[in-house]
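All remarks here apply to the structure that follows.
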Amino acid sequence: MPNDALAADSRSNDSFDDVRSAALRRAGGGGGRLADPPERPLLASADDGHVPEGLIPAHAPWAASLRDRAKTSPTPELADFLRHLASLSAPRPTQKWRRICRDLAGAASAHDLAAGVLRALAEEDPLCSTDSGAHTAWLDSGHHYHYLVQQSDGDLARGAVWAATLTGGPATVQHLGVLALRAGGPGSDVIEDLRLAGAAINALAETGDPASLESLWRLRLRIGNRALRKQLDTALVTAAGKQGITAEQLVERSVPDHGLAPDGSLERELGGHRIRVAIEEGASVRLTFTRPDGGTSRTAPAAVKDDFPYELQELKALAKEVRGTLSGERARVEALMSAGREWPYDEWCRHYRDHPVTGTLVRGLIWEFRDADGEWHAVAPTAAPPGRPERVRLWHPVRASADDIRAWRERLVAERLRQPFKQAFREIYVLTPAEEESGTYSNRFAAHIVHYRQLYALFKERGWQANFLGPHDGGHNGLARAEFGDGRWRACFHHEPASDYDGGYAPEHAATDQVRFERRDGRRRREASLAEVPPLVFSEAMRDVDLFVGVTSIAADPDWSDRGEDRFAGYWRTATFGALTANAEVRRAALERIVPRLRIADRCTLDGRFLLVRGDLRTYRIHLGSANILMEPDDTYLCIVPSRGRSDGKVFLPFEDERLSLILSKAFLLAADTRITDPTIVHQIRRGAR
């Protein structure tokens, strides 16, 4: 704001306390009694149409309509309305402020005026610090940047955002979403304005329109600022309450469809070329280009790049957004495995089966449907349920018999049905006698030595919250926690620096310890006995811990054998070829069905915890847990370090499992051991071959 405008604003402040607004009297119910004043007394209004200088910024594009109206059609009602907008200093207005705002907007016929300000904030050119000065007094104006609102005008801008929402309703949803992302999202054309973004987020929750849920969900996926994400969580709950639904229903109804068709695709014609954005097998999002002659490619033809650059950029941005939504939905739907939730059939169809994004995932899963007699019937992926079901729930193997689990696994492999995550082949964890005896904790995954940085990264990937181990207060005892069962339960996985920790920035290795459970009790959580934990919750939580240990344990490190008499060598030798965990047992069950279909089937045999592979030079035993290899006849260790590239996908796998892919790739390599050219592998094999 120019300095002369700021001075004028300061001079005008003295006049604010001297008058009261006729419109406020009307809002207060007449009778000569003044209504309760707005939140800031200095903004009390006058009985004429004068708008104090400096109240409206002189050059800001977003305020152009306010300046024009104040200049061409000044009225006492308009002055009262503008002063009231500028009285909003809180992120969320009180009910009193809202009531007065509606009355004043009506008296001033300012509904379109407020909507225009919101639209301009979302779409008009920003201010430049070089031309208009810094957006706040504490920032050096010599630094060049763009911004939306000067700090001294922030209350007026936020007041206009709320006025537009209160008087415009659902019509404001689109602009509120754009403004929130513009003011608070990454990659914006302006610097962050968290208060303005927060106002737009909070206002979105108040529209009462179903589209606001989708907009808030999009923002939740794209905004990374922690404070704004907390506001988004609150706004989502508020929006749910406005529409009379639960928090769980809110989440599933907030998933954006991105304008995709029911099969998860969208097509556009650009200069004779057809561009298709599509979700494939619930796993990936691809752009496919079809030329006028019918040929297809994954890369954009030169004609599309040259003639339609902006349209191509929009389609690429859409594909990126869909990938983000798909990834989030995969994690959300998999988390339902511990929830035990049920849905009315019609509701499930609308928000799950028929959703353009979510549907691509759930159609690849096994679901159970309850009929009018109360019987549950599991139905194969992509198949329709019999009759007219009443309720639906996600199938979990912990509720199924061993025969049913075996039949589903056979069917998935036989029909080459790939699931978006492990379901039929999902690991099952039930209480052991030792855990029943211990009562409140499990030592099933204790005393393992793991790569700590890798473990910490896996915590984050799986949605667990954990403190970081290191030489700081609280850094010597690790605790990772995650919620299960729709937040009703929390699992706690204890760990600590391993004995080789020398006090550096972070330990190289960590030692695992107990797993405990807590139950929500009002706003607090209390420790629960293992017997209290629902089977679905216990199985899912222990599955995650098994994953943490199995992936990060030094037993799975093929290079460890070169460390000689390292202090952890004994653990490595014991664990790397030891008994199979539940995760490895499922891997074995998958191999029982996959191996007979391989072209090297006559060279492979499953033997306990190993896959035996007969080569021409030696016979090899690949451990189904660690994927490490022993060579017969003397059980010599064979070190093969896997490449970092992805599997070629030539062998069908019913679920994604990096360790299973590694075992199969090693099996193919060793079955043709005479054709191996890597000198380090050849040397190890021939050194003891007969």
Side-chain angles (χ1 to χ4, degrees), residues 251-252 255 264 279-285 322-341 343 348 351-353 355 357-368 378-383 392-400 405 408-409 411-413 415-429 458-464 482-486 491 536-548 550-551 581-587 589-591 593-594 646-647 649 651-662:
V251 173
E252 61 198 21
V255 183
I279 301 173
E280 297 183 352
E281 297 183 342
S284 60
V285 180
V322 175
R323 288 188 190 100
T325 301
L326 182 65
S327 176
E329 279 298 271
R330 184 183 295 109
R332 183 182 74 84
V333 174
E334 185 172 11
L336 293 173
M337 294 290 284
S338 73
R341 286 177 57 193
W343 296 263
W348 175 81
H351 300 297
Y352 283 85
R353 186 196 66 184
H355 191 280
V357 179
T358 312
T360 63
L361 297 167
V362 304
R363 290 192 291 270
L365 297 171
I366 304 167
W367 294 85
E368 290 184 282
V379 174
T382 72
V392 186
R393 70 183 184 187
L394 192 56
W395 182 87
H396 196 295
V398 80
R399 287 194 295 244
I405 295 171
W408 280 118
R409 291 174 176 176
R411 183 168 181 176
L412 288 184
V413 174
E415 299 181 13
R416 299 179 66 86
L417 297 174
R418 182 179 174 86
Q419 298 196 287
F421 53 80
K422 279 186 183 180
Q423 188 190 27
F425 282 90
R426 203 169 189 82
E427 303 84 357
I428 301 173
Y429 302 81
L458 200 54
F459 285 154
K460 298 303 181 184
E461 182 181 325
R462 294 292 299 174
W464 287 60
E483 293 185 347
F484 295 87
D486 276 340
L536 288 177
V537 171
F538 183 83
S539 186
E540 288 300 300
M542 298 301 277
R543 177 180 183 271
D544 267 5
V545 179
D546 190 358
L547 174 70
F548 298 150
V551 171
T581 64
N583 187 291
E585 289 286 2
V586 166
R587 200 171 292 131
L591 286 169
R593 293 155 178 81
I594 294 171
R646 295 182 62 87
S647 169
V651 177
F652 168 76
L653 301 180
F655 54 85
E656 185 174 347
D657 185 330
E658 184 177 343
R659 195 68 56 82
L660 178 58
S661 298
L662 179 59

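In what follows, every heavy atom counts, from backbone to side chain, and hydrogens, waters and symmetry copies are set aside.
We find the OG1-CG distance between Thr382 and Leu365 to be 11.0 Å, quoted to the nearest 0.5 Å. To the nearest 0.5 Å, atoms OH (Tyr429) and OG1 (Thr581) are separated by 5.5 Å. Expressed to the nearest 0.5 Å, how far CZ of Arg409 lies from CG of Leu412 amounts to 9.5 Å. Taken from CD in Glu281 to CZ in Arg363, the straight-line distance is 13.0 Å, to the nearest 0.5 Å.
Of all the heavy atoms in Ala400 and Trp395, the pair that sits closest is CB-CZ2, 3.7 Å. What you find for Leu394 and Glu368 is that their closest heavy atoms are O-OE1, 4.3 Å. Closest approach of Leu361 to Pro420, counting heavy atoms only: O-CG, 3.5 Å. Closest non-hydrogen pair, Leu660 versus Phe655, comes out as CD2-CZ, 4.0 Å. Closest approach of Ser539 to His396, counting heavy atoms only: OG-CE1, 4.2 Å. In terms of heavy atoms, Ile428 sits closest to Ala582 at O-CB, 3.9 Å.
Checked against side chain to side chain contact (heavy atoms under 4.5 Å, CB included), Val251 has the following partners two or more places apart in sequence or in another chain: Trp217, Arg332. Residues satisfying the ring pair (Phe, Tyr, Trp, His ring centres under 6.0 Å) test with Phe421, not counting sequence neighbours, are none. Residues meeting the salt bridge (charged side-chain N to carboxylate O under 4.0 Å, His left out) test with Arg353, sequence neighbours left out: none. Evaluation of the side chain to side chain contact (heavy atoms under 4.5 Å, CB included) rule for Glu415 yields Arg411, Leu417 as partners, not counting sequence neighbours. For the side chain to side chain donor-acceptor pair (under 3.5 Å) test, no residue two or more places apart in sequence or in another chain qualifies with Arg323. Residues meeting the ring pair (Phe, Tyr, Trp, His ring centres under 6.0 Å) test with Phe538, sequence neighbours left out: Phe517.
Put simply, the side chain of His351 does not reach to within 4.5 Å of the side chain of Val255, judged on heavy atoms. Taking the side chain as every heavy atom from C-beta outward, Ser284 and Ile279 never approach each other to under 4.5 Å. Two residues are said to be in side-chain contact when any heavy atoms from C-beta on lie closer than 4.5 Å; Arg426 and Val586 fail this criterion. Contact of the Leu653 side chain with the Phe425 side chain is not registered, since no non-hydrogen atoms from C-beta on lie closer than 4.5 Å. Contact check for Arg341 versus Leu336: side-chain heavy atoms found under the 4.5 Å cut-off. Under the 4.5 Å side-chain criterion, counting only non-hydrogen atoms from C-beta, Met337 is in contact with Gln423. Side-chain contact between Asn583 and Arg587: present, with at least one pair of heavy atoms (C-beta onward) separated by less than 4.5 Å. Side-chain contact between Glu540 and Val398 is absent, with no heavy-atom pair separated by less than 4.5 Å.
A donor-acceptor pair is defined here as one N or O able to donate and one able to accept, closer than 3.5 Å; such a pair exists between the side chain of Ser338 and the backbone of Ala335.
Around the CD atom of Glu280, the shell of radius 6.0 Å holds more than 12 heavy atoms that belong to other residues, nucleotides or ligands.
The pair Glu334-Lys422 does not meet the salt-bridge criterion, since no charged nitrogen lies less than 4.0 angstrom from a carboxylate oxygen.
Ring pair Trp367/Trp343 is perpendicular by interplanar angle, where above 60° counts as perpendicular and below 30° as parallel.
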The test is side chain to side chain contact (heavy atoms under 4.5 Å, CB included); show your working for Val392 and Tyr352 and say whether it passes.
CA-CA 11 Å; Val392 186; Tyr352 283 85; over 6 Å; no
